[in-house]
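Heads up: the structure comes next, in structure tokens.
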Amino acid sequence: EKIISEAFLLCTDYEHLLSRTFEGSDIWEINHSGGVPFPADAETLELLELALYYGDLSGGSFDVTLGRLSEMWDFTGETPSVPDEEEIREALSHTGSENIVISGDEVYLKDSSAHLDLGGIAKGLAADKVKEFLVDRGISSGIINFGGNVVVFGGKTDEKGKSLPFDIGVAAPKNPGSGKIAGYLSLKDGSVVTSGNYERYFEENGQRYHHILNPKTGYPAETGIDSVTIVSERSADGDALSTACFVLGLEKGIDLIENIPDTEAVFITDDGQFHFTSGAEELFTITK
Ligand code: ADP
Ligand code: MG
């Protein structure tokens, strides 16, 4: 129990380091420094480097400089609404990873009007760190569920002492909140991350606006995908990749994942079809 409550405290620490809305977090400081270099924590730097790596690898589909747009769309707010086209265009002119400058342990944004938002990767990092913490404390097996990010380790043991994989459900996109699953992935160790258009969204004039943005347009990415699930060793990688693949769409997304070792993906398109990378099908069971 003590170890578990320490793990929860660790999550709070990461939130206080990486949240764009928590005043005084590293990300908040970088966003509000007016372009003055800010001495960031080593873990913030590590995560920014990783975010830049995936930004490059995805041709800019994963972009942690969409902060201004996240603020405008305000998907987590009480009454979100579609921003003005003009406002979106203005905010878009303050995005792009080339704005992030890391020099030694200091970070600043070349365009001081740009804002960082690590919402597409930070939960993955936190899940990895919690796993590391638990393993360090001698825990041999467990499930860490951050909602959309699941990390398992050590497998589970049946009554006869046989080691079995955990089954991790993938939500049915058309029935959000119903607890209905489209299928499940079986693995003993690793991370499963899903990005979907059904988790966080609002409706206006009969249209759905979800929280994964196309960095080219500033509007929610519409690529015919309902959800992308990434299986990988580390959850930070899976987190960035699930968001990137959602924006890239089915073909480019599958291509991207096929080129990354020990990483698999399950796409569910809006026609209800499943699409797998070469090693994913054997891990996945479709629910009848
Ligand atoms: P979830 O928030 O459900 O875990 P994701 O991992 O897909 O889902 O992350 C979505 C979050 O990532 C958004 O809330 C926003 O903070 C950020 N984001 C949105 N679009 C992008 C993008 N194209 N690249 C990087 N981050 C993004
Ligand atoms: Mg993500």
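If you read the sequence from its start, that first residue is 1, and numbering goes on from there. Numbering of ligands and ligand atoms starts at 1, following listing order. Since we're looking at a predicted model, the values are computed, not measured.
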Under 4.0 Å from a heavy atom of [X]: which atoms of ligand 1 are those, numbered in the order shown and with their elements?
{"X": "Ile212", "value": "7 (O), 19 (C), 20 (N)"}
{"X": "Ser195", "value": "5 (P), 6 (O), 7 (O)"}
{"X": "Asp117", "value": "15 (C), 16 (O), 17 (C)"}
{"X": "Lys123", "value": "4 (O)"}

Q | Whether Arg20 lies under 4.0 Å from ligand 1, heavy atom | A |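 Checking ligand 1 against Arg20, which is what was asked, there is no heavy-atom contact under 4.0 Å.
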With respect to [X], determine whether any N or O atom, backbone or side chain, lies less than 3.5 Å from an N or O atom of ligand 1.
{"X": "Val247", "answer": "no"}
{"X": "Thr243", "answer": "yes"}
{"X": "Pro215", "answer": "no"}
{"X": "Glu199", "answer": "no"}
{"X": "Ser70", "answer": "no"}
{"X": "Asn149", "answer": "no"}

Nearest protein heavy-atom contact for [atom]: which residue, which atom, what distance?
{"atom": "atom 24 (N) of ligand 1", "answer": "Asp63 N, 2.9 Å"}
{"atom": "atom 1 (P) of ligand 1", "answer": "His211 NE2, 3.6 Å"}
{"atom": "atom 6 (O) of ligand 1", "answer": "Asp239 OD1, 2.8 Å"}

Q | Which segment of Ser61 sits under 4.0 Å of ligand 1 when only heavy atoms are counted | A |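 The part of Ser61 near ligand 1 is the backbone, not the side chain.
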Q) the Mg ion (ligand 2) is nearest to which N, O or S atom of Asp239? A) OD1
Donor + acceptor pair across side chains of [X], [Y] (<3.5 Å):
{"X": "Glu264", "Y": "Thr277", "answer": "yes"}
{"X": "Asn99", "Y": "Thr65", "answer": "no"}
{"X": "Asn149", "Y": "Ser235", "answer": "yes"}

Q | Sole candidate of Val266, Leu248, Leu241 that passes side chain to side chain contact (heavy atoms under 4.5 Å, CB included) when paired with Ile257 | A | Leu241
(Q) Is it the case that over 12 heavy atoms from other parts of the model lie below 6.0 angstrom from the CG atom of Asp189? (A)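 Enclosed.
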(Q) Just to confirm my numbers, could you give the angle made at the Mg ion (ligand 2) by OG1 of Thr243 and O of Gly120, rounded to 10°? (A) 100°
